[in-house]
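Taking it in order: structure first as structure tokens, then the write-up.
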Amino acid sequence: MPELPEVEVTRRQLLPLLVGRRIASVVTTRPSYFFLTAPAVLRRKLPGRTVLALDRIGKYLLAGLDSGERLLLHLGMTGEIVRAGAIAADEHTHLRLRFHDTHPGVDFRDERKFGKVQLLAAGASPKRLARLGPDALRISAEQLRVASRKRRIPIKTLLLDQAVLAGVGNIYADEALYIAKVRPTRRAGGVTRAEFQRLAEAVQQVLQRAIEAGGSSISDYVQPNGSYGWYQEERRVYDREGEPCQRCGSLIRRRLLGQRSCHYCPRCQP
DNA sequence: CAAATCCCCTGCAGGC
DNA sequence: TGCCTGCAGGGGATTT
């Protein structure tokens with residue numbers, strides 16, 4: 001399940017595959033929830049365009065084109081963007097880009113179609129981008145504290161709010177709260193300054209480390225070159241219900257928070 | 001305004 | 001073995 005680290009690893013590996021390439025042809029599946037821009041429009045407008053840049057904002061990728069337009073990509077739950085051939089294309093391969101010369105193409109697969117593709121007009125900033133908070137890699141304790149004031153929601157729910165900080169999802173929220181020794185169910189407005197300090201550091205630390213590890217391949221994430229990430233080997237609590245806490249030996253617990261599973265150590269996360 | 005709920009989708013695990 | 005139910009989750013829309 002792609003969160004900031006998986007999106008960033010994807011971005012870095014896609015850079016040499018995309019930037020500087022001129023699109024020769026586009027193949028799509030039929031219209032669906034996945035396409036915010038109709039696939040017929042993508043097939044018509046993308047050929048001939050050259051990709052000039054590939055940036056990341058939270059969990060979104062943005063490919064800047066020579067027309068000034070930007071192609072927005074979101075991996076959703078099961079999305080994977082790979083070098084053509086790294087993963088066999090099938091009925092879930094919704095967008096395929098082919099380039100001029102002999103450069104390898106790029107395929108965007110997504111089984112559950114929670115991913116997104118949208119072609120943005122030059123200068124356009126859709127609501128979904130405009131509402132995003134600061135990138136999670138640069139979130140400060142003070143920003144978290146201000147966003148939490150008077151909020152009664154659990155601190156974990158706040159961490160998942162992309163308008164507060166962009167990039168954290170279910171796995172890294174649990175991991176960051178564990179590292180910071182803060183129980184996920186704590187009321188956001190009741191978290192102390194010292195805890196916000198630890199939390200901001202933990203968020204950055206866990207995301208940075210996961211990027212270095214190539215992301216987490218917990219359900220089905222793959223890197224653009226077809227490799228798997230290995231951060232799942234380092235996770236402390238996520239999907240480890242019943243296993244001993246590495247700090248105190250208590251058994252990791254799992255419960256539901258909102259509609260999401262939540263994992264924590266009942267002893268060292270007060 | 002904040003918070004809770006629902007829904008999009010598909011594969012797979014678990015129960016009987 | 002096979003069918004059915006439920007769950008997983010990012011995030012926007014809708015409801016309370």
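Naming convention: chains lettered A, B, ... in sequence-line order (proteins, then strands); numbering from 1 in each chain.
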Between A:R145 and A:R193, is any pair of side-chain heavy atoms under 4.5 Å apart?
-> yes

A:T78 and A:Y221 side chains, donor-acceptor separation under 3.5 Å | no

Can you name the ring pair (Phe, Tyr, Trp, His ring centres under 6.0 Å) partners of A:Y172, sequence neighbours left out?
-> A:Y231

Measure the distance from CD on A:Q162 to C1' on C:dG9 and round it to the nearest whole Å.
-> 12 Å

Under the salt bridge (Lys or Arg N to Asp or Glu O under 4.0 Å) test, which residues partner A:K156, sequence neighbours left out?
-> A:D174

The ring pair (Phe, Tyr, Trp, His ring centres under 6.0 Å) partners of A:H103 (sequence neighbours excluded) come to none

Can you list the residues that meet the salt bridge (Lys or Arg N to Asp or Glu O under 4.0 Å) rule with A:D55, with sequence neighbours excluded?
-> none

Show me the donor-acceptor pairs, under 3.5 Å and distance only, between side chains in residues 204-213 of chain A and residues at least two apart or in other chains.
{"from": "A:Q204", "atom 1": "NE2", "to": "A:I139", "atom 2": "O", "distance (Å)": "2.6"}
{"from": "A:R209", "atom 1": "NE", "to": "A:E234", "atom 2": "OE1", "distance (Å)": "3.0"}
{"from": "A:R209", "atom 1": "NE", "to": "A:E234", "atom 2": "OE2", "distance (Å)": "3.3"}
{"from": "A:R209", "atom 1": "NH1", "to": "A:E212", "atom 2": "OE1", "distance (Å)": "3.1"}
{"from": "A:R209", "atom 1": "NH2", "to": "A:E234", "atom 2": "OE2", "distance (Å)": "2.5"}

Would you please name every residue forming a side chain to side chain donor-acceptor pair (under 3.5 Å) with A:R12, sequence neighbours left out?
-> A:E8

C:dG9 C1' sits how many Å from A:L256 CG, rounded?
-> 12 Å

What's the CE-P distance between A:M77 and C:dC7, to the nearest Å?
-> 15 Å

In whole Å, what is the span from the NE2 atom of A:H74 to the P atom of C:dG9?
-> 15 Å

Can you tabulate the close N/O pairs, meaning under 3.5 Å, that link protein atoms to atoms of nucleotides 4-6 of chain C?
none

Does A:F99 have any ring pair (Phe, Tyr, Trp, His ring centres under 6.0 Å) partners at least two apart in sequence or in another chain, and if so, which?
-> none

Tell me: CZ of A:R112 to P of C:dG10, nearest whole Å?
-> 11 Å

All N/O contacts under 3.5 Å from nucleotides 3-6 of chain B to the protein, with atom names and distances to one decimal?
{"from": "B:dA3", "atom 1": "OP1", "to": "A:R152", "atom 2": "N", "distance (Å)": "2.6"}
{"from": "B:dA3", "atom 1": "OP2", "to": "A:R151", "atom 2": "NE", "distance (Å)": "2.4"}
{"from": "B:dA3", "atom 1": "OP2", "to": "A:R151", "atom 2": "NH2", "distance (Å)": "2.9"}

Centres of the A:F108 and A:H94 rings: under 6.0 Å?
-> no

Please give, in whole Å, the distance from B:dC8 C1' to A:H94 NE2?
-> 13 Å

Within the side chain of A:R183, is there an N or O that forms a donor-acceptor pair under 3.5 Å with the backbone of A:Q269?
-> yes

Terminal axes of the helix from B:dA2-C:dT16 to B:dC16-C:dG2 (5 end pairs apiece), angle rounded to 10 degrees, sit apart by 50°

Does A:K113 have a side-chain nitrogen or oxygen under 4.0 Å from the phosphate oxygens OP1 or OP2 of B:dT10?
-> yes

Give, ordered by number, those residues of residues 126-134 of chain A having at least one heavy-atom distance below 4.0 Å to an atom of DNA chain C; if nothing qualifies, reply none.
-> A:R128, A:R131

Are A:F114 and C:dG11 stacked, counting the six-membered base ring, centres under 5.5 Å, planes under 30°?
-> no

Have a look at A:Y238 and say if it touches a base, only the backbone sugar-phosphate, or nothing, with a 4.0 Å heavy-atom cut-off.
-> sugar-phosphate

Is any side-chain heavy atom of A:I57 less than 4.5 Å from a side-chain heavy atom of A:D135?
-> no

Test side-chain contact (heavy atoms from CB on, under 4.5 Å) on A:R112 and A:H92 and set out the steps.
-> CA-CA 8 Å; A:R112 293 186 204 174; A:H92 301 302; over 6 Å; no

Please state how far atom CD in A:E6 lies from atom C1' in C:dG10, giving the value in whole angstrom units.
-> 13 Å

When all nucleic acid strands are considered with a 4.0 Å heavy-atom cut-off, which category describes A:S261: base, sugar-phosphate, or nothing?
-> sugar-phosphate

Whole Å only: how far is the CG atom of A:D110 from the C1' atom of B:dC9?
-> 9 Å

Specify the residue among A:Y33 and A:E91 whose closest nucleotide of DNA chain B lies further upstream toward the 5′ end.
-> A:Y33

Distance-only criterion, 3.5 Å: show the donor-acceptor pairs between side-chain atoms of residues 38-51 of chain A and protein atoms not counting sequence neighbours.
{"from": "A:R43", "atom 1": "NH1", "to": "A:T28", "atom 2": "OG1", "distance (Å)": "2.7"}
{"from": "A:K45", "atom 1": "NZ", "to": "A:E69", "atom 2": "OE2", "distance (Å)": "3.2"}
{"from": "A:R49", "atom 1": "NE", "to": "A:D66", "atom 2": "OD1", "distance (Å)": "2.6"}

